[in-house]
2 protein chains.
Amino acid sequence: MKNDNWWCGRFRGCGYKLTVPREAILDVLSLTDKHLSAEDIYLAVHKKYPTIGLTTVYRTLDILVSIGLIYKFDFCDGRARFELAEDSKGKKHHHHLVCTNCGRIVDYTDFIDDEIELLQLTEKGLSKKYNFKITGHLIQFYGLCDKCR
Amino acid sequence: MKNDNWWCGRFRGCGYKLTVPREAILDVLSLTDKHLSAEDIYLAVHKKYPTIGLTTVYRTLDILVSIGLIYKFDFCDGRARFELAEDSKGKKHHHHLVCTNCGRIVDYTDFIDDEIELLQLTEKGLSKKYNFKITGHLIQFYGLCDKCR
DNA sequence: ATTGCTACTGAAAACCATTTTCATTAAATG
DNA sequence: CATTTAATGAAAATGGTTTTCAGTAGCAAT
């Protein structure tokens, strides 16, 4: 097990052990630009490590979400999807545009700046008015892609 | 069966029959300000009409969503939740603030105007750039409420 | 290196919201 | 009122996710 990956510190700092399955799962996520489901990840990991089980994939994803290394999304197709958090790996912050017919997902980074600005303003207002400690937001567009429209 | 409810036309216009279960389900939804799950609705309907089944509730909710009479939301607690579309019944358009600890949901209408304006601008931009026919958006905030923080 | 502690693991079973199946019933139309 | 066809309820199936449990492997202290 190599201890030189960028996420090792993050793991140990949270009291989690560094294991082969966890490293394999993070590898898969850091090498794709797709929005993988737990099963997608399981299948990808399975090619290199056939002994790693789906249960472990689910458990690991839970941990990764909880320590903020990955994000979990619901694109309304009945399964959760995961992607690496953008600050982890030189990825750009983006939002999603989802085709409700074929499931295609477009990551867009245009328009983001205005969105972020407004979101921060709203978060501040909500936080004050309702005394919430805001931890996150979700903004997503749905529609029909060029092929499906 | 009274044929004088505001939704009768909407139903018939879409080729759906007006039935007791459908009316009962819409009644429940129009009398609450909560975000009910399919089971919540089933239980509420069940008090007055014990013969109406959960299956029918699910089927009716599907229809209501598809004709735009209600909205379906995912607040990440493992079940879908439903509420009457705001244009149906003098309800104000709002977005949601969700407590990730206790599940409390705050409907907020402040800040909405700016949000809507930005969303429309973004929709226009996305629609042009990616050739999507945008049909909807989702914007939601997560955090810890005053009791849970 | 070896040990001991404890977290981690895989397989199987359980879970649970939602969907499907199918035989029966009831709404709408004329 | 009869006919057509959609709607219904019960039960079974589905399928993503979680739990259980006995065995395994990280890792800190020796």
Side-chain angles (χ1 to χ4, degrees), chain A residues 1-5 7-26 35-43 45-67 70 72-82 103, chain B residues 1-5 7-26 35-43 45-46 48-67 69-70 72-82 103:
Chain A
M1 168 97 44
K2 29 183 161 48
N3 280 313
D4 53 354
N5 274 319
W7 57 68
C8 296
R10 190 76 158 267
F11 252 101
R12 295 240 175 69
C14 295
Y16 292 114
K17 292 180 179 170
L18 209 52
T19 68
V20 172
R22 288 173 182 177
E23 189 173 20
I25 289 164
L26 270 166
H35 306 82
L36 303 179
S37 66
E39 196 184 1
D40 293 335
I41 295 165
Y42 165 72
L43 290 173
V45 159
H46 192 81
K47 285 179 187 159
K48 196 167 173 189
Y49 303 97
T51 64
I52 293 175
L54 182 56
T55 311
T56 297
V57 173
Y58 275 106
R59 275 187 293 230
T60 301
L61 291 171
D62 276 350
I63 291 173
L64 294 176
V65 168
S66 76
I67 63 180
I70 65 173
K72 179 178 186 174
F73 289 100
D74 167 35
F75 296 135
C76 302
D77 65 343
R79 59 192 58 195
R81 293 179 178 276
F82 302 86
Chain B
M1 166 99 43
K2 31 184 159 49
N3 281 313
D4 53 353
N5 274 318
W7 57 68
C8 296
R10 190 77 158 266
F11 252 102
R12 296 239 175 69
C14 294
Y16 293 114
K17 292 180 181 170
L18 208 52
T19 67
V20 172
R22 288 172 182 178
E23 189 173 19
I25 289 164
L26 269 167
H35 307 81
L36 303 180
S37 66
E39 196 185 358
D40 292 336
I41 294 165
Y42 166 72
L43 291 173
V45 160
H46 192 81
K48 197 168 173 189
Y49 303 96
T51 64
I52 294 176
L54 182 55
T55 311
T56 297
V57 173
Y58 275 106
R59 276 187 293 229
T60 301
L61 290 171
D62 275 351
I63 291 174
L64 295 176
V65 168
S66 78
I67 64 179
L69 232 40
I70 65 173
K72 179 179 186 174
F73 288 100
D74 168 35
F75 298 134
C76 302
D77 65 343
R79 60 192 59 196
R81 294 180 177 275
F82 302 86

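Protein chains get the first letters and strands the later ones, always in sequence-line order, with residue 1 at the start of each.
- Pairing each heavy atom of A/L54 with each of A/A38, the nearest pair is CD1-O, 4.1 Å.
- Between the OH atom of A/Y49 and the P atom of D/dA25 there is a distance of 14 Å, given to the nearest Å.
- One interatomic measurement links the two molecules: CG of A/D62 to C1' of D/dT18, which rounds to 9 Å at whole-angstrom precision.
- The side chain of B/Y58 places an N or O atom within less than 4.0 Å of a non-bridging phosphate oxygen (OP1 or OP2) of C/dT18.
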With 3.5 Å as the limit, what N/O pairs link the protein to nucleotides 7-12 of chain D?
| unit_1 | atom_1 | unit_2 | atom_2 | d |
| --- | --- | --- | --- | --- |
| D/dA7 | OP1 | B/R22 | NH1 | 2.8 |
| D/dA7 | OP1 | B/R22 | NH2 | 3.1 |
| D/dA7 | O5' | B/R22 | NH2 | 3.4 |
| D/dT8 | OP1 | B/T19 | OG1 | 2.6 |
| D/dG9 | OP1 | B/T51 | O | 3.1 |
| D/dG9 | OP1 | B/I52 | N | 3.4 |
| D/dG9 | OP2 | B/G53 | N | 3.2 |
| D/dG9 | OP2 | B/T56 | OG1 | 2.1 |
| D/dG9 | N7 | B/R59 | NH2 | 2.6 |
| D/dG9 | O6 | B/R59 | NH1 | 3.3 |
| D/dG9 | O6 | B/R59 | NH2 | 3.4 |
| D/dA11 | N6 | B/T55 | OG1 | 3.3 |

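- When rounded to the nearest whole Å, the span between CG of B/L43 and P of C/dA17 equals 11 Å.
- In this structure, B/L18 places its CG atom 11 Å from P of C/dT29, rounding to the nearest Å.
- Following rounding to the nearest Å, B/F82 (CZ) and C/dA17 (C1') show an atom-to-atom distance of 11 Å.
- The interatomic distance linking A/L61 (CG) with C/dT9 (C1') rounds to 15 Å, in whole Å.
- Ring pair A/F73/A/H35: centre-to-centre distance not below 6.0 Å.
- The distance from atom CZ of A/F11 to atom C1' of D/dC27 is 15 Å, rounded to the nearest whole Å.
- Computed from coordinates, the A/R79 CZ to C/dT18 P distance equals 16 Å when rounded to whole Å.
- The two residues A/A24 and A/I52 come nearest to each other via the heavy atoms CB-CD1, 4.2 Å.
- Considering all non-hydrogen atoms of both residues, B/E23 and B/W7 come closest at CG-CZ2, 3.7 Å.
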Only pairs under 3.5 Å count here: list side-chain donor-acceptor contacts from residues 57-66 of chain B, not counting sequence neighbours, and write none if there are none.
| unit_1 | atom_1 | unit_2 | atom_2 | d |
| --- | --- | --- | --- | --- |
| B/T60 | OG1 | B/T56 | O | 2.8 |
| B/S66 | OG | B/I63 | O | 2.8 |

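- Listed here is the closest heavy atom pair of B/C14 and B/I67: SG-CG2, 3.6 Å.
- OP1 or OP2 of D/dC27 lies within a sub-4.0 Å distance of a side-chain N or O belonging to A/R12.
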